[in-house]
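Following: one structure in structure tokens, then a few remarks.
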Amino acid sequence: PTEPTMVLRLKFLNDTERLARVCPGDTVGALKRTYFPGQEQQVRLIYQGQLLRDDSQSLAALHLAHNSVLHCHISQQGLAPTPASPHASADPMHAALNVGSLMLPLFVLLLAVLWYFQLQYRHVFTATATTFLAGLTLLFSFMAFTMYRR
């Protein structure tokens, strides 16, 4: 006796859809191997807002019904960690968030807010605090100029 098949709708970011004929006993990994050969490591499947991380999990365990929608994201770069970054996150979703790129705008915003308060509430800032703020602004400007001059 063969296992009954069901159809899953694979929906991509560009709103195209592809139908996948699967058995409930098939695993997430088998689905990736069948419909994305050679791209298994780059394919992310999402069902009801949850990333399907475990490739050994069966489709029946996910309670997928006939005509269920699986959202598919295929990353364009390879996911192998580079030896140059030993602290690289194993999870590619978190690796995309580069906190270092947010430091410059955050520091500019912090300095702008401090200067605003210095101008609006001059009586709160001592001469030492104002001198320190000016020195910090000059130091930051010099560092930003040398970093982005390359």
Side-chain angles (χ1 to χ4, degrees), residues 1-121 132-150:
T2 61
E3 203 173 357
T5 61
M6 62 181 179
V7 174
L8 297 178
R9 293 171 35 212
L10 304 176
K11 189 166 185 167
F12 297 90
L13 291 176
N14 61 1
D15 281 335
T16 60
E17 282 190 16
R18 185 173 167 190
L19 297 179
R21 191 168 301 277
V22 297
C23 296
D26 290 347
T27 63
V28 173
L31 175 68
K32 287 181 183 180
R33 280 189 300 278
T34 304
Y35 290 94
F36 306 98
Q39 294 180 306
E40 296 91 349
Q41 297 300 314
Q42 292 145 324
V43 173
R44 298 287 175 255
L45 297 175
I46 301 163
Y47 178 62
Q48 293 183 340
Q50 297 295 316
L51 179 64
L52 305 181
R53 298 178 192 267
D54 186 5
D55 282 355
S56 63
Q57 190 173 28
S58 74
L59 301 177
L62 294 169
H63 305 293
L64 291 170
H66 178 71
N67 223 15
S68 292
V69 175
L70 285 176
H71 294 273
C72 303
H73 174 262
I74 302 174
S75 70
Q76 297 303 318
Q77 75 257 3
L79 300 175
T82 59
S85 58
H87 299 292
S89 174
D91 184 2
M93 301 300 272
H94 292 113
L97 178 64
N98 184 2
V99 178
S101 65
L102 298 175
M103 292 308 292
L104 180 68
L106 284 175
F107 205 72
V108 168
L109 180 66
L110 178 68
L111 278 175
V113 167
L114 285 173
W115 275 111
Y116 171 80
F117 283 129
Q118 198 282 334
L119 294 171
Q120 290 297 318
Y121 305 102
F132 180 74
L133 182 59
L136 192 63
T137 303
L138 283 173
L139 178 68
F140 174 76
S141 300
F142 175 74
M143 285 176 35
F145 177 77
T146 56
M147 282 174 46
Y148 290 99
R149 188 175 59 173
R150 297 181 213 158

* Do the non-hydrogen side-chain atoms of Leu70 and Leu31 ever get within less than 4.5 Å of each other? -> yes
**Prompt:** Would one find more than 12 heavy atoms of other residues, nucleotides or ligands at under 6.0 Å from atom CZ of Arg21?
**Reply:** no
(Q) Is any side-chain heavy atom of Val28 closer than 4.5 Å to one of Leu59? (A) yes
Contacts of Phe12 meeting ring-ring contact (aromatic ring centres under 6.0 Å, His included) (sequence neighbours excluded), chain-then-number -> none
Separation between CZ (Phe36) and OG1 (Thr34), nearest 0.5 Å, reads 10.0 Å
Residue pairs meeting salt bridge (Lys or Arg N to Asp or Glu O under 4.0 Å), one or both in residues 30-39, sequence neighbours left out, come to Lys32-Asp55
Taken in chain and number order and not counting sequence neighbours, the residues that satisfy side chain to side chain contact (heavy atoms under 4.5 Å, CB included) with Ser68 are Leu8, Tyr47, Leu64, Ala65
Value for CG (Leu19) from CG (Asn67), rounded to nearest 0.5 Å, stands at 7.5 Å
With sequence neighbours left out, the residues meeting ring-ring contact (aromatic ring centres under 6.0 Å, His included) with Phe132 are none
Q. Between Glu40 and Gly38, is there a donor-acceptor pair closer than 3.5 Å when you use the side chain of the first and the backbone of the second?
A. yes
Pro24 and Ser58 have their tightest heavy-atom pair at O-CB, 4.1 Å
One should read off an interatomic distance between Cys72 SG and Asn14 CG, to the nearest 0.5 angstrom, of 10.5 Å
Please tabulate, for the side chains in residues 134-143, all donor-acceptor contacts under 3.5 angstrom to protein atoms that are two or more places apart in sequence or on a different chain.
unit_1: Thr137; atom_1: OG1; unit_2: Trp115; atom_2: NE1; d: 2.8
unit_1: Thr137; atom_1: OG1; unit_2: Leu133; atom_2: O; d: 2.8
unit_1: Ser141; atom_1: OG; unit_2: Thr137; atom_2: O; d: 2.8

Taken to the nearest 0.5 Å, the spacing of Leu62 CG from Gln57 CD works out to 4.0 Å
query: Heavy-atom count around Gln50 CD within 6.0 Å, excluding the residue itself: above 12?
result: no
Here the gap from His73 atom NE2 to Leu45 atom CG, rounded to the nearest 0.5 Å, amounts to 11.5 Å
dist Lys11:NZ -> Ile46:CD1 (nearest 0.5 Å) comes out at 13.0 Å
Hits for side chain to side chain contact (heavy atoms under 4.5 Å, CB included) against His63, two or more places apart or cross-chain, chain-then-number order -> none
Closest non-hydrogen atoms of Thr5 and Cys23, given as atom of the first, atom of the second and distance, are CG2-SG, 3.9 Å
All heavy atoms of Ala20 vs all of Leu10, minimum pair found to be CB-CD1, 3.9 Å
